[in-house]
Amino acid sequence: MGKTHILASTVAVTLACLSYGTPNMPADKTEPQAGVRAQLVYPGIWRIRLGTPERLTPLGYRSAAVAKDGLANLNAAPAPAVAIDQIRFAKSARGCIVEFPMDKSEKFYGLGLSTNTFELSGRKAWVVPSDHPEETTNESHAPEPFFVSSRGYGVYLDTARYAAVSFGNVAEKEGHRKSVLVDIPGARGVDVYIFSGKSPLESVQRYNLFAGGGVVPPMWGLGIAYRGKGSATADDVLGLAKSFRDDDIPCDIFGIEPGWQTQTYSCSFLWNLGHFPKPSEFIDKMHGMDYRMSFWEHPFTHPTSPIHEALKPYSGSHLVWNGLVPDFATPQARKIFLGQQNESLFSKGVDSLKIDEVDYQPFKPDPWSFPDSSTFPSGLDGEQMHSLFGTLCQQTMLTPYREKNLRTWGLVRNSGALSASLPYTIYSDTYDHRSYIRGLAKTGFGGHLWTPEVRDAKSVDDLIRRVQTVIFSPYAMINCWYMKMPPWLQIDADKSNAGQKMAESEDTTRRVREIFRLRMSLAPYLYSAFNEYRQTGLPVVRALCLDYPGEADLAGVDDQFMFGPSMMVAPMMEGQKKRPVAFPKGDWYDFYTGERVKGGQVVEVAKTLDEMPLYVKAETLLPLAEPVNHIGKETVFKIHVRVYGAHPGDLSLYEDDWETYDYEKGAQTKLTLSWTSSGGASKRSGNYAKHRYEIVGWESK
Ligand code: GAL
């Protein structure tokens, strides 16, 4: 009875507010701001301050300083292709809007890592974190308020709010002009950054350099990663790890899923000694077999965790799975959390982490994570924290590696704006192969890395096609967290767990091994691409429309992508014997057969299961390493250089210790490969003394 009474009076008060308004609230009408002014903050980057920007934004939590040298080394910046004087801003009690003029034929890309959306003109796209990146709403594992236009400029809105962007699909009563309308509820203003470029790709490069430049992985991160079953014991893992070595299956990273802890969902961060009786000894043994170790966790801290009490004052107002949500925007939460991480993991030599569940489900009936209305000691609210949570977690977990001068190479399920410098690849619990491929094409529109991980499969064909896709990603991962055996021995999860090998296991193992070996032979090439990413902001994996902006037919191609400077990948899906492949202008060479294909056309390409449509751009030097099964401190790659075309450009390979940050201080050598009429030549320049590549041959195609 009493309860009903209280409820009724709450409703009455709320209604009163709505009917009469409150004297201090701004008038609920749109107030346009006159005279938008842009300030050149870095070469090719303009800032426009609109209204009163919020105090807590992604830029305030940036992961790295602006890569000023990289920006200075890019082409001279043209004026931005968007007319700054036509940008409009208005605020109301609801929030603010920013409106950009747009051309009728203009195309837009970006806004993070949704795996369903691609070209955005004509649609409304949300910048919202989610564990469901396959929605048409643009919900994503990486809400990033950055988009790029086909006219060669990029726009970053520095907000952690759930913005929504309508790309030309709303019309005003007066004038009917088409525009890009950005709606930011809750904010009274925003800083907008415009990135100019001679092409859309160049504006993306500026954005990534503004974020600090691209990450350089440890070389071992470019090998194969395998994650064992969640319930596996130390003996299970050691047995499987040994079998990979015995069976000649390349593998560099071994992942341990939830079972290492006494308590998960939420986490205790304490070892389950029943499964892993001697944690240090276990890790040493794995290291002894040349594996790098990656451990699963999420940050939600269970009451049985030793840090629970200390963390309480530095955590959010709401729980997730009965666990505290650490406020990593406070130094205290970082310190307390890292203390436990050090005790359990880092001091034992753990090489990397998989940071799970840091996303959300805002539009679903069961949002499982903390509500948007949560409060945090740093002053962030739940909405802002959701947009920043993945990034803050990555920053926190990176600190100990930076302190030890060791590179790491982790996984995360949510990232955000300005993330190019972070050594974490985004993965998903969703599993649609087609969407996974689109995810790869999309990563080049910003600064994210994505893995189309492989788990079980519907058929051997499905498995092989998926494995072929995943090796053309930054993180080649087989994630068997619910399977006892690797999928090349059994594709069906139930049968895998019942210990039944499939009849085709031997043949499938041979096929998968060959695909893994192809990945290993590409590690030096990929490492070069990442060094380029660091220096120039050029994403390693890119949609074709970025490299070939003038070609109208490529504007919507989201099932092919560039991998590194000169390889084009067109993955096949289960059951496909052939598929149409769009060839950008210029000549292309089939990677397997060397056959030349004229670009500027779509060709129906047939491939057997052991090959995929994989092409090399004409006038390219492609370094291929003799594959090794894992990459160690002493590895020296034997390189065969393939020469495509008569006048290929030079290519640089990078030699350094491949695992510390000393390369940042110049401990690196550039091995430049060139081809002239008299043959191939290589030249070293730089300060790293040890040779890590041996050029053993040149093969003209
Ligand atoms: C999921 C994650 C999977 C696996 C699993 C373990 O959230 O996406 O990759 O780690 O948790 O419980």
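Ligands are counted one by one from 1 in listed order, and the atoms in each one are counted from 1 as well.
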What atoms of ligand 1 come closer than 4.0 angstrom to any heavy atom of K354?
-> 3 (C), 4 (C), 9 (O), 10 (O)
What protein heavy atom sits nearest atom 10 (O) of ligand 1, and how far away is it?
-> E257 OE1, 2.4 Å
Do any heavy atoms of E453 fall under 4.0 Å from ligand 1?
-> no
Give the contacting part of R227 toward ligand 1: side chain, backbone, both or neither, where contact means a heavy-atom distance below 4.0 Å.
-> neither
At under 4.0 Å between heavy atoms, which part of N479 makes contact with ligand 1: side chain, backbone, both or neither?
-> side chain
If you measure from each heavy atom of Y427 to ligand 1, is any distance below 4.0 Å?
-> yes
Any N or O of D429 closer than 3.5 Å to N or O of ligand 1 | yes
Just jot down the ligand 1 atoms closer than 4.0 angstrom to any heavy atom of P258, in number order.
-> 6 (C), 12 (O)
Are the charged groups of D372 and R161 less than 4.0 angstrom apart, N to O?
-> no
Nearest non-hydrogen protein atom, atom 12 (O) of ligand 1 | Y265 OH, 2.8 Å
Between W271 and F276, does the ring centre distance come in under 6.0 Å?
-> yes
Identify the two heavy atoms, one from P250 and one from M520, that lie closest to each other, and give their separation to 0.1 Å.
-> CB-CG, 3.8 Å
Exactly one of H141, E453, R413, E134 clears side-chain hydrogen bond (donor to acceptor under 3.5 Å, both in side chains) with S428, and that residue is H141
May I ask you to identify, for E357, whether its side chain, its backbone, both or neither come under 4.0 Å of ligand 1 on a heavy-atom basis?
-> side chain
Close side-chain approach of S459 to E574, heavy-atom, < 4.5 Å = yes
Got a sec: does the NZ of K404 have more than 12 other heavy atoms crowding it under 6.0 Å?
-> yes
On the 0 to 90° scale, with breaks at 30° and 60°, tag the F337-F328 ring pair as parallel, tilted or perpendicular.
-> perpendicular
Is the NZ atom of K348 crowded by more than 12 outside heavy atoms at less than 6.0 Å?
-> yes
Has ligand 1 got any nitrogen or oxygen that is less than 3.5 angstrom from a nitrogen or oxygen of D356?
-> yes
